[in-house]
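Protein chains get the first letters and strands the later ones, always in sequence-line order, with residue 1 at the start of each.
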Amino acid sequence: MKHNEKEDVNSSEKKTSNFVQTIINEHNTSGRFDGRVHTRFPPEPNGYLHLGHAKSICLNFGLAKDNDGLCNLRFDDTNPIKEEAEYVESIKTDVRWLGFDWEEREFFASDYFDTLYAYAEKLIQKGLAYVDDLSAGEIREHRGSMTQPGKESPFRNRSVEENLDLFRRMKSGEYSDGAKVLRAKIDMASGNLNMRDPVMYRILRAKHHRTGEKWCIYPMYDFAHGQSDSIEGITHSVCTLEFEDHRPLYDWFVQNLEIHAPQQIEFARLNLTYTTLSKRRLLKLVQEKVVSGWDDPRMPTLSGIRRRGYTPESIRNFCSAIGVAKANSTVDIQLLEHYVREDLNKKADRVMGVLRPIKVVIENYPEGKTEELEAINNPADPNSGTRTLPFSRELYIEETDYMDDPPKKYHRLGPGREVRLRYAYFITCNDAIKDEDGNVIELRCTYDPETRGGNAPDGRKVRGTIHWVSVPHAQEATVNLYDRLFGKENPDEVEEGQDFFANLNPNSLEVLSNAKVEPSLKKMSPGAQVQFERQGYFCIDLSSTSEQLIFNQTVGLRDSWGKMQQKKTS
RNA sequence: UGGGGCGUCGACAAAUGGUAAGUCAACGGUCUUUGACGCCGUCAUUCGGAGGUUCGAAUCCUCCCGCCCCAGCCA
């Protein structure tokens, strides 16, 4: 596959077609928005962004790019009790990391509080909104049920003057929290509950992360979102399926306000096997310290997968692969893993790292001798060059690369067996030394000096090639191995009598504190990504230092041998 | 039982009345100094079901079945 050398968002990703684009095309032919496309990504700053948001980000920014349009970043910050400045910073970091740029178009719904307030007065003037004194519970009772129409509030027919006066007094702080609300006057008998006189403003004394104490009334989502879109000149307001029922209300507000009317379009949110994308649940994992934080490498947050070693490009490729549709679906997590492997295969240099070491002594190799052997950095990238590997009499190899009594087709080390040490020599195992529990702790081998570099002059073939690290040159390292956070394919589905935490996988983290890695790794800094040959892709953790190297496993290599073994035993 | 949506391979998902793309997974094979990668091949006579319209239907019509969302002063 010939790829562009530069891998930026503009050159290496192709246009994708989906039903949203089809709608845009129709608008283009009808001339509804003069061919202009302006989208927005509108997160509420009440948590960290996750893979579900990545789908939305890629969609919104992608639509803008594909149509020579614009995409804004807008924080939907209308509920001060859940929102924090910390979250807005993390969101900006994550969107940028994913590779998207909103340029100077960074907005907040709170930027529009004055305008929104004026819009509300306008609806009051038009006789389309009223102040209601009913309590929250009474409003609920009046709303009726899904099958029964609602009842009108006794305050529904106040005069325009009275409503205006009351609303102004709500704003000026005359009433306590919850004492009154402003409602749109629509239809208490509508089959759509959202149209049964929805609340537009509530009284809420809370410090807002941007407007501070300026307001004691805050607009509801429904009264803020469409108008914010309208103010920004958004043409296509893309959101998830659960807002489908809100569209008539969205349209009602912009129509009665007589302002620019964007088109709301809904798509199915992302679901992934073995993971939850519920903000509420992710928050809980953080609060209950089930994970180390929002950026725990097992979290499906963008900060988590970044720390895990996922690349932005792999996430973008994943998002374009899963497509955009209206059908609820659950994407196999293996598809995500496929896209990181694909990307890292091109980008990550190969290195030698022994995760669970056992020692090998090459009895016929001179004591004190060291050789430098040449190794290829990345066979998938011809420009990556080579490096040198120190070799000596004592080495570490992987525990799993030796078996006393190997099964058929096992072509690693066993009594009397010969293998190739990658880039080095053929060695033959003569003896295995065990501790009192019978665990192999050391192998005594001999090497064939004729096979330097890994080829036998006599043409002799060897089935297995294993990785190794020279004992005197080895760097100590800690390696974090990860498995899926949940043991259940759909962790959001909680069994009777159990809670959500019962779905956790107790073995999602395994810390290997005795790993040995080749010396070239010592100079690598946090964030660097490598492939430990025959094992997987790893990145150097944020907290890693040159004294204490820490690697996080991004994803393992595909392992057809392991899979075969597993099939046999099961 | 009110309103709004959705049903195409194990998982995603195209095809918009012209004879079922692609990707992942799986399975064979090939290559191999990573049991990786790559490469080659197999994998839906059928589109939730039943009728109908048409020369022709996954696409249009009718009825049925199943799944999802909605009764926050959350977003």
(request) State whether the aromatic ring of A/Trp561 stacks on the base of B/G35, taking stacking to mean ring centres under 5.5 Å apart and ring planes under 30° to each other. (result) yes
(message) I'd like to check the ring-ring contact (aromatic ring centres under 6.0 Å, His included) partners of A/Phe253; sequence neighbours left out, ordered by chain and number.
(response) A/Phe223
(request) Could you run through nucleotides 20-28 of chain B and give me one letter per nucleotide, 5' to 3': B if any protein heavy atom sits under 4.0 Å from the base, S if only the sugar-phosphate is that close, - if neither? (result) ---SSSSS-
(message) Which nucleotide wins on minimum distance to the side chain of A/Arg202, given the candidates B/G2, B/C73, B/U34?
(response) B/C73
(message) Considering only residues two or more places apart or on different chains, which pairs with a residue in residues 266-277 of chain A satisfy salt bridge (charged side-chain N to carboxylate O under 4.0 Å, His left out)?
(response) A/Glu242-A/Arg269, A/Arg247-A/Glu266, A/Glu266-A/Lys326
(message) I want to verify a distance call: between B/G7, B/U34, B/C73, whose nearest atom is closest to the A/Ala327 side chain?
(response) B/G7
(request) Would you indicate what A/Val462 reaches in the nucleic acid, counting non-hydrogen atoms under 4.0 angstrom: base, sugar-phosphate, or nothing? (result) nothing
(message) Is A/His411 stacked against the base of B/G35, taking the criterion as centroid distance under 5.5 angstrom and interplanar angle under 30°?
(response) yes
(request) Measure from the ring center of A/Phe167 to the ring center of A/Tyr130 and say whether it is less than 6.0 Å. (result) no
(message) Categorize A/Leu557 for me: base, sugar-phosphate, or nothing, with a 4.0 angstrom heavy-atom threshold over every strand shown.
(response) base
(request) Applying ring-ring contact (aromatic ring centres under 6.0 Å, His included), name anything that partners A/Phe486, two or more places apart in sequence or on another chain. (result) A/Phe500
(message) Need one value for A/Ala136: base, sugar-phosphate or nothing, where a base atom within 4.0 Å counts as base even if backbone is also close, heavy atoms only.
(response) base
(message) In this structure, which stretches of RNA chain B are paired as stems of three or more consecutive Watson-Crick or G-U pairs, both distances less than 3.5 Å?
(response) B:2-7 with B:65-70, B:10-12 with B:22-24, B:26-30 with B:38-42, B:48-52 with B:60-64
(request) Please evaluate the base of B/A75 for a donor-acceptor partner in the side chain of A/His246 within a cut-off of under 3.5 Å? (result) yes
(message) Applying salt bridge (charged side-chain N to carboxylate O under 4.0 Å, His left out) as the test, list every pair that has at least one member in residues 175-190 of chain A; sequence neighbours left out.
(response) A/Asp132-A/Arg183, A/Asp133-A/Lys180, A/Asp177-A/Arg205
(request) Considering just the side-chain nitrogens and oxygens of A/Arg463, establish if one lies under 4.0 Å of OP1 or OP2 belonging to B/G35. (result) no
(request) Just jot down the ring-ring contact (aromatic ring centres under 6.0 Å, His included) partners of A/Tyr221, sequence neighbours excluded, or say none. (result) A/His225, A/Phe243
(message) If the condition is ring-ring contact (aromatic ring centres under 6.0 Å, His included), which residues does A/Tyr339 pass it with, not counting sequence neighbours?
(response) none
(message) According to salt bridge (charged side-chain N to carboxylate O under 4.0 Å, His left out), does anything in residues 452-468 of chain A pair up with another residue at least two apart or in another chain? List the pairs.
(response) A/Glu371-A/Arg452, A/Glu418-A/Arg460, A/Asp448-A/Arg460, A/Asp458-A/Arg460
(request) Mind checking A/His467 for me? I need base, sugar-phosphate or nothing, with any heavy atom below 4.0 Å counting as a touch. (result) nothing
(message) Using 30° and 60° as the class boundaries, would you call the ring planes of A/Tyr447 and A/Phe391 parallel, tilted or perpendicular?
(response) tilted
(request) Identify whether any heavy atom of A/Asn194 sits under 4.0 Å from a base atom; if not, whether one sits that close to sugar-phosphate; answer base, sugar-phosphate or nothing. (result) nothing
(message) What's A/Arg247 touching, base or sugar-phosphate or nothing? Going by heavy atoms closer than 4.0 Å.
(response) nothing
(request) Quick one: label A/Gln531 by what it contacts on the DNA or RNA (base, sugar-phosphate, nothing), any heavy atom closer than 4.0 Å. (result) base
(message) Could you check whether the side chain of A/Asp559 and the base of B/G35 have a donor-acceptor pair of N or O atoms closer than 3.5 Å, going by distance alone?
(response) no
(request) Looking at every strand, decide which applies to A/Thr78 at a 4.0 Å heavy-atom threshold: base, sugar-phosphate, or nothing. (result) sugar-phosphate
